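Chain identifiers are assigned alphabetically (A, B, ...) following the order of the sequence lines, protein sequences preceding nucleic acid strands; residue numbering begins at 1 within each chain. Everything numeric in this text was worked out from a predicted model, so none of it was measured.
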Amino acid sequence: MPELPEVEATRRHLEPVIVGRTIESAAVRRPRMVRRHERPEDFVDRVTGRRIESLDRRGKFLLAPLTGDITWVTHLGMSGRLSIALPGDEEAPHTNVVIHLEGPIEVRLVDPRTFGFVAAWTPDELETMFRGRVGQDALQDLPSARELAQELAGRTAPIKALLLDQRVLAGLGNIYADEILHRAAIRPERPGGSLDPAEIAALRRAIGPVLAAGLRHGGTSLGDLAYLLPDGRTGDFLQRLAAYGRAGEPCRRCGGIIQRTVIRGRSSFWCRGCQF
DNA sequence: AACGATCCCTGTTGGC
DNA sequence: TGCCAACAGGGATCGT
């Protein structure tokens with residue numbers, strides 16, 4: 001499922017192809033995929049005729065500023081995928097939004113579970129939507145250990161839940177949160193405020209390498225809902241996971257058995273032997 | 001304010 | 001073998 005590394009892999013794949021091109025039209029096949037607009041047509045109207053100035057990312061959001069102060073925003077949800085195609089290419093099932101660019105080429109949003117979405121926002125709307133909802137990017141703008149300590153101070157929620165909270169840190173999802181906690185040797189159910197400075201430092205140090213490894217291996221793929229790179233390759237990071245999905249298997253670090261517990265309704269995998 | 005539960009959605013999985 | 005309930009999860013929303 002697309003977390004920060006998968007979204008960044010998508011960004012890097014699309015950027016050289018779509019930046020500088022003008023959006024000629026857009027088609028919304030699943031109205032639900034357009035969020036924060038009164039009508040799906042409002043999204044279409046807002047993006048049509050504008051040129052893509054860049055392709056950026058914040059957390060799991062892809063941001064494409066367009067000429068005329070509108071930003072095309074895309075979130076992949078949990079099963080979303082963006083691909084480049086030529087008009088006439090066979091469409092994958094669940095192709096829910098198609099952006100037609102000059103060329104002509106198409107950007108297709110395929111998303112079976114429709115948890116993803118697109119929107120087109122003004123700078124004010126973007127600011128309003130992100131303020132209080134999306135924190136600093138976990139890869140490009142990682143907060144210092146001191147800043148993290150301030151975020152965690154006094155918090156009673158499990159550190160796992162806080163890592164998933166996009167306001168604390170933007171970009172982590174269930175898989176990478178578990179991997180980061182394993183690398184940092186911290187149990188997921190520990191109250192955020194119970195972490196001492198050394199543990200917070202270890203947690204912070206674990207974030208970069210885990211995300212970089214995910215990015216290096218092309219993202220994580222899970223079964224048939226596999227995250228697919230835009231050109232169709234599957235990532236091989238799944239086989240390299242240390243904790244996620246490995247309940248009952250031996251820990252690669254200490255040989256202990258990986259446990260599965262449910263935190264905030266989400267599966268959490270951790271090692272009883274080396275996470276404290 | 002912080003926290004936890006619930007809901008949305010559909011393809012896959014696992015148990016009988 | 002076949003069927004169906006359970007499961008997966010990011011983010012919005014709501015109740016406490």
Side-chain angles (χ1 to χ4, degrees), chain A residues 1-8 10 28-38 40 57-63 73-82 92-97 109-119 121 125-126 128-135 137-138 150-181 188-195 211 214 219-228 234 237-238 241 243-248 260-269:
Chain A
M1 18 220 82
E3 300 182 30
L4 187 154
E6 292 77 20
V7 177
E8 176 63 16
T10 298
V28 177
R29 278 70 177 281
R30 285 288 296 265
R32 177 183 139 82
M33 296 293 293
V34 174
R35 307 285 168 84
R36 306 276 159 182
H37 290 280
E38 289 201 8
R57 181 189 56 76
R58 179 154 161 198
K60 301 171 194 169
F61 290 84
L62 280 169
L63 305 172
V73 180
T74 305
H75 196 293
L76 299 177
M78 70 169 290
S79 60
R81 181 159 61 88
L82 280 178
H94 307 290
T95 298
N96 297 333
V97 179
L109 175 58
V110 178
D111 186 359
R113 294 183 190 174
T114 67
F115 280 19
F117 69 89
V118 294
W121 293 332
E125 289 167 344
L126 192 61
T128 300
M129 294 307 303
F130 276 18
R131 186 175 2 147
R133 282 197 182 92
V134 185
D137 187 76
Q150 281 184 347
E151 286 279 356
L152 301 182
R155 303 292 294 268
T156 60
I159 184 62
K160 168 68 180 289
L162 296 175
L163 288 181
L164 292 178
D165 185 339
Q166 302 297 298
R167 294 170 293 190
V168 174
L169 208 54
L172 304 186
N174 206 35
I175 297 175
Y176 289 97
D178 277 2
E179 294 301 303
I180 287 163
L181 287 169
E189 73 272 19
R190 285 274 303 281
S194 76
L195 272 59
L211 293 178
T220 307
S221 74
L222 279 180
D224 206 302
L225 271 184
Y227 167 77
L228 298 172
T234 50
F237 189 59
L238 185 61
L241 295 178
Y244 187 86
R246 300 191 66 244
R260 175 186 179 274
T261 53
V262 175
I263 297 174
R264 284 278 236 285
R266 303 287 183 251
S267 292
S268 293
F269 299 90

Count the heavy atoms belonging to other residues, nucleotides or ligands that lie under 6.0 Å from CZ of A:Arg190, then report whether that count exceeds 12.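 Yes.
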Treat primed atoms plus P, OP1 and OP2 as sugar-phosphate and everything else as base, then score nucleotides 9-16 of chain C 5' to 3': B for base contact with protein heavy atoms under 4.0 Å, S for sugar-phosphate contact only, - for none. BBBSS---
Between P of B:dC3 and CD of A:Glu151, the distance in whole Å: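 So the two atoms are 11 Å apart, to the nearest Å.
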Between A:Ala177 and A:Leu164, which heavy-atom pair has the shortest distance, and what is it?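 Shortest heavy-atom contact: CB-CD2, 4.0 Å.
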Can you tell me how the ring of A:Tyr244 sits relative to the ring of A:Phe269, calling it parallel under 30°, perpendicular over 60° and tilted otherwise?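 Geometry flag for A:Phe269 against A:Tyr244: perpendicular rings.
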Any A:His94 side-chain N or O less than 4.0 Å from OP1/OP2 of B:dC9: no
Taking OP1 and OP2 of B:dC8, is either one under 4.0 Å from a side-chain nitrogen or oxygen of A:Thr114? no
Contact between A:Val168 and A:Leu163 at the side-chain level, heavy atoms closer than 4.5 Å - yes or no? no
Interatomic spacing from CZ in A:Phe117 to CZ in A:Arg36 - rounded to 0.5 Å: 8.0 Å
Is a salt bridge present between A:Asp137 and A:Arg57, judged by a nitrogen-to-oxygen distance below 4.0 Å? yes
Which part of the nucleic acid, if any, lies within contact of A:Arg30, taking any heavy atom under 4.0 Å across all strands shown: a base, the sugar-phosphate backbone alone, or nothing? sugar-phosphate
Using a heavy-atom cut-off of under 4.0 Å over every strand shown, decide if A:Pro158 touches base, sugar-phosphate, or nothing. sugar-phosphate
